[in-house]
Amino acid sequence: MMKGYQYFCLIATMALAACSNEDENIMPGNVTEIVGIEATIDGEQPSRRAAATPAVTVGRTEFVTDDRIVFTNIKRTTSPLESFTYSNIRYYFTDKKNWKRTEGNLPEKIYWTDGSSPHTFIGYSLPSQQYYWEDNGDNTYSGELGHELTVIDYTEGNEALKKEDLLLNYDTKTVAETGGLSTKVIFTHALSNVRVVVNIKNFASSASAVDTKVGVGNMVLHKQPTKFKWGIHSSKVQVLDINDSEQTTKDLMLWCPAADGEGTGQSKTFTFYGLTTPQDELYHHINGNDQPLAFSFTVSYPNPMNPAETLTKTYSGAFNDLVHFNPGMCTTINISLNHKDEQMFTDVSYSDWNFVATPDLGELRKKSTFLDINSNVTIHTDAQATIYDATWLYNDGTVLRDIYGNDGTVGMPYRISTASQLLSFAKEVTAGLTFKDKYIRLDADITMQSSSAKTNLEDTTSTQAAVKWIGIGTAAHPFEGTFLGGDRFVNRLYDAPLFACLGSQARVEQLHITTIGSISGGGALAQTNQGIIGGCKVIDDVQTAGGALVGTNSGIIYASYHTGDTKGTAGLVDTNTGTIVGCYQAGDVAGGTAFSIAKTNQGTIACPVPTSLYEIQQQAFTDQLNSQLDSWYATHADYTLFHYVHAAANWPTVQRQ
């Protein structure tokens, strides 16, 4: 069964016939039972689920026997009618398909005001009847993590996390479907998922040992606030004020599903999971108080002088900057510890609630911020580019590897997971390393600069100038490898295209870009392309003299698009002498033709030409794109297959097949 996905019967009724907006008292005469309601957790739909299965899931992923739902409010969103407004409607889960109303709960029947108006559904689902919560009597409710405990222990596994996993539903756009017979109810995780990844090095009994007796345990997040509230007007919870006399803090003992870790004694990784309350600057800074996140853990390892003896050492630390815990999201704390010099490095990244594997990467989505183009990064020819000091690549004596141990082959592509590594990549190509026959994958959503950066040179109100990107590749040294974007973003690109020059052997796939300010030379993705670009997109407006995606194309571009206006004279591409298949441009072109694929074309273009934004959002346009791609794939079977997916009232999105 798909995660978080159930069909169930809801014992309630609604009108097939519509009522007028003024009809406040007449109940519909012809009623029918609501059947086949689709219930999801986190809104995950089976058709959009990644092909691979997550190795670890946290909290509730589906409804189980004795789960309860309370709808605190059901009403028409616009001009709600009192006769058709309901509260405190309770259900409980009975088996794989059925929800039943709690005995004695009135009203017996529930009606829609009409068959087409959006309705507001607000509710909560408790993980068990033992879940601690209180009805405050003012349309708000209170909960507490680890009620009556002094330490919250999640080490028994995911079952312990499920017992604390509150789900909330708040949707103002719920509508009747299939003629009024069904609707959808979507619940989201209300608390915050915390994931701690500990990488340790040099704890083995000797420099050459690969023993697996090294372990990390007792991972504790100290003094986490545990009391929170939620109400009927939001799908999020609010932690009690740090100065509230009712607030309590407790230590969290996190769960490690792979107690032996991954890797060897020289370099092992341990991953821990838990739940905590949402926290941001407002919580941490009230009345001048500041509570940095403190943590501690133990490392057990063989005594180098006597390998039969096990030593245990406790490490602790705290973050100088605030760590956010966002409702319904995951905060990942990365800790790297080198026993050789007792150095510890930490950083934080944010993602969706759960770690979701994808067909390409199977890695947690991470983010990185790049603030200084003059960062001290290394390339593999630098003397300091050793395994301990390299920014990205180093020479191990026989093979060029990245700091994660990958050699750039198709099975072990080089990984880029920070903005500094992206800069190191650009400097490697500029220095003459073309990466021909090598593979590189983007392992993080990378934000190039802070949101306070100026978006144009005339802006004098910001305190920080936008950082100018240098571009990857030159005419003398083009990039000639395969770059796998993995459906990830490079955000806030400024001044230069991401790739200045893609050579004839280059291939770029599933890479997405947003920009600020202007892009010189044309093309947010590439200034010149002689290779292959597939399944890529540029989002939002682009200010450039050339095309939004590519400046000059003499290679192949397929299944790629731009959504937004182009503040220049070209649409998707400026000059095309190559091939463009199954692409589109959704927006105006300031100095050219709206929706245009290429300003100047001397090559081949097989793309539908819309007449309006509305047309692009129709199923027929998606079908045209896929038809052109299928015709092209028939004679290009060695290319990665991408197809478009239609979304109602939205742009066609591209997915790998």
Contact between [X] and [Y] at the side-chain level, heavy atoms closer than 4.5 Å - yes or no?
{"X": "L433", "Y": "F479", "result": "no"}
{"X": "T172", "Y": "H119", "result": "no"}
{"X": "Y394", "Y": "H380", "result": "no"}
{"X": "L167", "Y": "I41", "result": "yes"}
{"X": "T391", "Y": "S420", "result": "yes"}
{"X": "K537", "Y": "I539", "result": "yes"}
{"X": "L511", "Y": "L442", "result": "yes"}
{"X": "Q628", "Y": "P608", "result": "yes"}

Under 3.5 Å, is there a donor on one side chain and an acceptor on the other for [X] and [Y]?
{"X": "K75", "Y": "T120", "answer": "no"}
{"X": "E509", "Y": "T640", "answer": "yes"}
{"X": "T514", "Y": "N491", "answer": "yes"}
{"X": "D171", "Y": "T174", "answer": "yes"}

Over all heavy atoms of both residues, which pair between [X] and [Y] is shortest? Give the atoms and the distance, please.
{"X": "A524", "Y": "I513", "answer": "O-CD1, 3.6 Å"}
{"X": "G473", "Y": "V429", "answer": "CA-CG1, 3.4 Å"}
{"X": "A190", "Y": "P327", "answer": "O-CB, 3.5 Å"}
{"X": "T331", "Y": "H324", "answer": "OG1-O, 2.7 Å"}
{"X": "P80", "Y": "R76", "answer": "CB-O, 3.1 Å"}
{"X": "C536", "Y": "Q510", "answer": "SG-N, 3.7 Å"}

Rounded to the nearest 0.5 angstrom, the OG1-CH2 distance for T378 and W392 is 10.5 Å
To the nearest 0.5 angstrom, please state how far the OH atom of Y644 sits from the SG atom of C583.
5.0 Å
Could you walk me through whether F483 and F435 satisfy the ring pair (Phe, Tyr, Trp, His ring centres under 6.0 Å) test, starting with their C-alpha distance in whole Å, then the side-chain angles of each, then the deciding distance to 0.1 Å, before giving a yes or no?
CA-CA 10 Å; F483 191 92; F435 291 92; 9.7 Å; no
[X]: which residues meet the side chain to side chain contact (heavy atoms under 4.5 Å, CB included) condition with it, sequence neighbours left out?
{"X": "V399", "answer": "D396, R401, D407"}
{"X": "T653", "answer": "Y561, V645"}
{"X": "A586", "answer": "T563, Y584, L613, I616, W651"}

Is there a side-chain contact (heavy atoms from CB on, under 4.5 Å) between T78 and S117? Walk through the geometry before answering.
CA-CA 8 Å; T78 303; S117 296; over 6 Å; no
Please work out whether the ring planes of F642 and Y558 are parallel, tilted or perpendicular, with thresholds of 30° and 60°.
tilted
In terms of relative ring orientation, are W632 and H636 parallel, tilted or perpendicular, with 30° and 60° separating the classes?
parallel
Around Q602, counting heavy atoms of other residues, nucleotides and ligands shown, do more than 12 lie under 6.0 Å from its CD?
no
Show, in sequence, the C-alpha distance, side-chain angles and deciding distance for M329 and W353, and conclude whether the side-chain contact (heavy atoms from CB on, under 4.5 Å) test is met.
CA-CA 4 Å; M329 302 290 285; W353 170 267; over 6 Å; no
Before you tell me yes or no, could you show the steps for Y633 and H643 under ring pair (Phe, Tyr, Trp, His ring centres under 6.0 Å), namely the whole-Å CA-CA distance, both residues' side-chain angles and the distance that decides it to 0.1 Å?
CA-CA 11 Å; Y633 292 146; H643 282 92; 5.6 Å; yes
Is there a donor-acceptor contact under 3.5 Å from the side chain of N406 to the main chain of G408?
no
